[in-house]
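Structure first, commentary second.
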4 protein chains.
Amino acid sequence: MPESNEEILEERPARRREASEERRQRILEAARSCFGELGFAGATVGEIARRAGVSNGLLYQFFRNKEHLFEVVLGEIIRDWVRAMVPREADESAGAALEGMLRRSVDFCRAHPLLPALLRGERGLQLSRIQGASRDRVQPHRDLVASILRRGIEAGEFRADLDVASVADVICQLQSDYSGRAYRRDPAFPDSPEIIDAAVRFMLDAVRVG
Amino acid sequence: MPESNEEILEERPARRREASEERRQRILEAARSCFGELGFAGATVGEIARRAGVSNGLLYQFFRNKEHLFEVVLGEIIRDWVRAMVPREADESAGAALEGMLRRSVDFCRAHPLLPALLRGERGLQLSRIQGASRDRVQPHRDLVASILRRGIEAGEFRADLDVASVADVICQLQSDYSGRAYRRDPAFPDSPEIIDAAVRFMLDAVRVG
Amino acid sequence: MPESNEEILEERPARRREASEERRQRILEAARSCFGELGFAGATVGEIARRAGVSNGLLYQFFRNKEHLFEVVLGEIIRDWVRAMVPREADESAGAALEGMLRRSVDFCRAHPLLPALLRGERGLQLSRIQGASRDRVQPHRDLVASILRRGIEAGEFRADLDVASVADVICQLQSDYSGRAYRRDPAFPDSPEIIDAAVRFMLDAVRVG
Amino acid sequence: MPESNEEILEERPARRREASEERRQRILEAARSCFGELGFAGATVGEIARRAGVSNGLLYQFFRNKEHLFEVVLGEIIRDWVRAMVPREADESAGAALEGMLRRSVDFCRAHPLLPALLRGERGLQLSRIQGASRDRVQPHRDLVASILRRGIEAGEFRADLDVASVADVICQLQSDYSGRAYRRDPAFPDSPEIIDAAVRFMLDAVRVG
DNA sequence: TATGAATGAGGGTTCATTCAT
DNA sequence: AATGAATGAACCCTCATTCAT
């Protein structure tokens, strides 16, 4: 018996914790798919539990209630979304950085179709805390865009008279708009490459010097 | 006696019809406020009836069901929204026409805060017919924007190399974005005059010649 | 002007009464068809009024409520049914009288498919008064059958040891059973000529002397 | 310790399952009494739950909806009814077999007063599947009666010229008629011993040789 | 820790009945 | 006498949440 008593005593809780964490993750994954397909109201706790392969009651050990579960799912996805957008080293010019962000944002949302639910601010539930969580992530991202704008201005690449904060808002808005279209799958709001290209050019033409 | 017999005979039904129509309007008004505040799922038939000062059952004399009521509310508001945006004669230049549209759209939505619910494509209900109704209005509006763009290009006011259709899509998107903010009342997504001004400049800088 | 004042004064009410009676009949006719197709619970006051070509409210001028209307419809049809069954002069023998009654009952019900709803004692409503009305008609009919049985016994045509009252009950039961089948249209309970012939023979074999 | 590990591990669920099964039975019992007294339309889910001493929602864990509950109740009762009627060994003669069936049917229905609701084909609900289920039981019973008739004919006990299939139909009809009277409790349609005796004699006289 | 049976408030909808016109 | 708009109680059913096991 190579293991000491202590290790044995600790091992089981460790296993337990692992198993528990895995179940938590399974629930979150099921919640992502349900909320993404059906929205908050359409998704039922029962269906989430079923897809996670656990009982109804177990959800309430990890999450206060359905809304809390939604908040957590949303918080995680915004975190990942913002992470995915940060400029790469290869984005040397400020314009390339903006373009890269928009394109990576669109790509990310094509792969994670839940995010737009937040971005479009789905209603019908207490959004206060959700908005809070969202704001915590959204504002830093806008600040990042603003810093790129400032870099572009300093480099003489962007117009010197931009209202940096407001323009950052507009750019972030466009990013979420065209990212969200992957989710809507509504032919009236296409996310074809042509449209994305046009949005990129629109954005750059608006900020670049004549 | 200036009234003919016919008019007298029809008078009573006319009174009734008036009263009935007024109640229909009260229901629509209540529905607008409920759907606007609470979304489709959050709004209850009972609350709508309560705010309209009528009984639950009366709603079903005018509207097939809750969803039909929603469709009618939406259809009316999109109709009015599109109407409100059409360029005025005073908008002589193409740029002035675009700016006027965006500003009028924002103003309209400040006064009619339900519209953005459609624009953001609220989920969780049978949207097929709603999307259809929406598309019927949205595409013509995009075409209108496209025609303004073409006028600006011909006048040498806008860049000659614009992808007219796609740029019209982007502009309409921005219009609905900043119009929608009046509805959200989310400080993270402000609709302050500064932001609107910035959005207008952003749009014009993107399409005007250097 | 050949008409006296009195006649004029009376004529209009007379016309009115006629028109009123005609509407009452239209309502009854509509009620027969609705109750027959849909049963008591399935039939709605609105549909009956629609088929009669009158307003909802008018029904309540002629009938206390939906149940009262049902009672009247039922009472009329039982009256007609019992009338239709009375033996014809041509039914010389007692056996021929019984056979004629059963066959005429079946024929009547094929033409008036509501009756069986009563005969089967549809539930779910206050049947007390309805049963009363039914009993008022049903018992006389049983008595009529009993008198035919007695005539057959006296004539040596039927068994002398029949319990006349009880056998009359059984025969009336069979009459309503096979009459009712026209209404059910359930292939499991056919009302084919063969079945009716068999029922007739069964009945006659049961009462005739060896 | 006579119990194996497996048994111990299963014991707790077993308790639960027992309790659950008992509640299911209480619901079925309550449904029987409600449907029997009030019919399908008259019985409400709320009243059934109240009589069963459970919540409204629990019914929907066991049964898809009200109609499904009705189907199950009906299926069980028909199954038991057909079982109760099968001839006993003591019924040596064919006539005794027929008499026994009718009397046992009546006795069964006195104890299970819902059955006749099916037999009378209550309307106003989707009867397709119910009729199917019923037919599945009813026709075999008719076949059983037909085989008894054939046995009686072969034994010289019954008339040789009977139309076996049709006569079986008539006999089954009489069985359900007089069985159903226990349910109606309508003095106009008595199920007194005298009436039952008369029905038995009627049936036997109709099939026995002169 | 994990289950899932059980709860019950609340949803949308129907429809017999009334009453102002 | 006749209308039909209006009522509102009652229906069936869903589902987030709890708790005995």
Side-chain angles (χ1 to χ4, degrees), chain A residues 13 16-17 19-20 23 41-50 54-69, chain B residues 11-17 19-21 23-24 41-49 53-69, chain C residues 13 16-17 19-20 23-24 41-50 54-69, chain D residues 11-17 19-21 23-24 41-49 53-67 69:
Chain A
R16 287 266 211 134
R17 221 179 312 140
S20 178
R23 290 189 143 171
T44 67
V45 170
E47 176 63 12
I48 292 171
R50 203 190 59 74
V54 302
S55 70
N56 255 8
L58 189 57
L59 270 71
Y60 291 84
Q61 299 245 341
F62 293 115
F63 308 98
R64 220 163 15 258
N65 52 31
K66 189 185 174 187
E67 194 179 326
H68 180 214
L69 174 58
Chain B
E11 196 186 6
R12 247 199 285 183
R15 285 269 166 82
R16 296 265 268 175
R17 221 182 314 140
S20 180
E21 178 56 24
R23 292 192 144 175
R24 206 187 105 103
T44 69
V45 169
E47 176 62 12
I48 292 172
V54 302
S55 69
N56 263 12
L58 188 58
L59 269 70
Y60 291 86
Q61 295 230 347
F62 294 115
F63 308 99
R64 230 174 351 272
N65 51 32
K66 187 186 174 188
E67 194 177 329
H68 181 214
L69 174 56
Chain C
R16 289 268 212 132
R17 220 180 311 139
S20 177
R23 291 191 143 169
R24 205 185 105 103
T44 69
V45 169
E47 176 64 12
I48 292 170
R50 203 191 59 75
V54 301
S55 70
N56 255 7
L58 189 58
L59 269 71
Y60 291 84
Q61 299 242 344
F62 294 115
F63 307 98
R64 219 165 12 262
N65 52 30
K66 188 185 173 188
E67 194 178 327
H68 179 214
L69 174 57
Chain D
E11 194 184 7
R12 247 199 285 183
R15 284 269 167 81
R16 296 266 267 175
R17 221 182 314 141
S20 178
E21 178 56 24
R23 292 192 143 172
R24 204 185 108 103
T44 70
V45 169
E47 176 63 12
I48 293 172
V54 301
S55 69
N56 263 11
L58 189 58
L59 269 71
Y60 292 86
Q61 294 230 347
F62 294 115
F63 308 98
R64 230 175 346 274
N65 51 32
K66 188 185 172 188
E67 194 178 327
L69 174 57

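Proteins get letters first, then strands, A, B, ... in listed order; numbering begins at 1 in each. Hydrogens, waters and symmetry mates play no part in the numbers below; they use all other heavy atoms, side chains included.
Within the model, atoms CZ of Arg24(B) and CG of Leu69(B) stand 9.0 Å from one another, a figure rounded to the nearest 0.5 Å. To the nearest 0.5 Å, the span separating OG1 on Thr44(A) from NZ on Lys66(A) amounts to 7.0 Å. Here Arg23(A) contributes atom CZ and Phe62(A) contributes atom CZ; the two are 8.0 Å apart, rounded to the nearest 0.5 Å.
Using a 4.0 Å heavy-atom distance criterion, Phe62(B) is classed as a sugar-phosphate-only contact. Ala49(B) comes within contact range of no nucleotide atom at all, as no heavy-atom separation falls under 4.0 Å. Among the protein residues, Val45(D) comes within range of the sugar-phosphate backbone only, with heavy atoms under 4.0 Å from sugar or phosphate atoms but none that close to a base.
What separates CD of Glu47(A) from P of dA16(F) is a distance of 11 Å, to the nearest Å. The separation between Asn56(D) atom CG and dA9(E) atom P is 10 Å, rounded to whole Å. One can place CD1 of Ile48(A) at 17 Å from P of dG4(E), the figure rounded to the nearest angstrom. Counting to the nearest Å, the C1' atom of dG4(F) and the CZ atom of Arg23(B) are 13 Å from each other. Between the P atom of dA9(E) and the OH atom of Tyr60(D) lies a distance of 16 Å, rounded to the nearest Å. Nucleotide dA6(E) holds its P atom 11 Å from the CD atom of Glu21(D), rounded to whole Å. Rounded to whole Å, the distance from CZ on Phe63(A) to P on dT17(F) is 14 Å. We find that CG of Leu59(B) is positioned 15 Å from P of dA5(F), with the value rounded to whole Å.
Of the listed nucleotides (dT1(E), dC13(F), dT3(F)), dT3(F) has the atom at the smallest distance from the side chain of Val54(C). Of all nucleotides listed (dT18(F), dT7(E), dT17(E)), dT17(E) comes nearest to the side chain of Lys66(C). Across dA6(F), dT17(E), dA2(E), the shortest atom-to-atom separation from the side chain of Asn65(C) is found for dT17(E). In this structure, the nucleotide among dA6(F), dT18(E), dA2(E) sitting nearest to the side chain of Gln61(B) is dA6(F). The side chain of Leu58(D) has dA6(E) as its nearest neighbour among dG8(F), dA6(E), dG4(F).
Minimum interatomic distance between Arg64(B) and His68(B) (heavy atoms only, all atoms of both residues): N-ND1, 2.9 Å. Closest approach of Tyr60(C) to Asn65(C), counting heavy atoms only: CE2-CA, 3.9 Å. Asn56(A) and Ala49(A) make their closest contact through OD1-CB, 3.6 Å (heavy atoms, listed as atom of the first residue, atom of the second, distance).
For dA20(E), the paired nucleotide is dT3(F), the pair qualifying as Watson-Crick or G-U wobble because both relevant distances are below 3.5 Å. Base pairing of dG10(E) is made with dC13(F), judged by Watson-Crick or G-U wobble geometry with both donor-acceptor distances under 3.5 Å. When both distances must be under 3.5 Å, the Watson-Crick or G-U wobble mate of dG8(F) is dC15(E).
Map Ser55(B) and Ala43(A) each onto its nearest nucleotide of DNA chain F; the residue landing nearer the 5' end is Ser55(B). Nucleotides of DNA chain E nearest to Thr44(C) and Ala19(D) differ in position, and the one nearer the 5' end is that of Ala19(D). DNA chain F is contacted by both Gly57(B) and Gly57(D); Gly57(B) maps to the nucleotide lying nearer its 5′ end (nearest heavy atom per residue).
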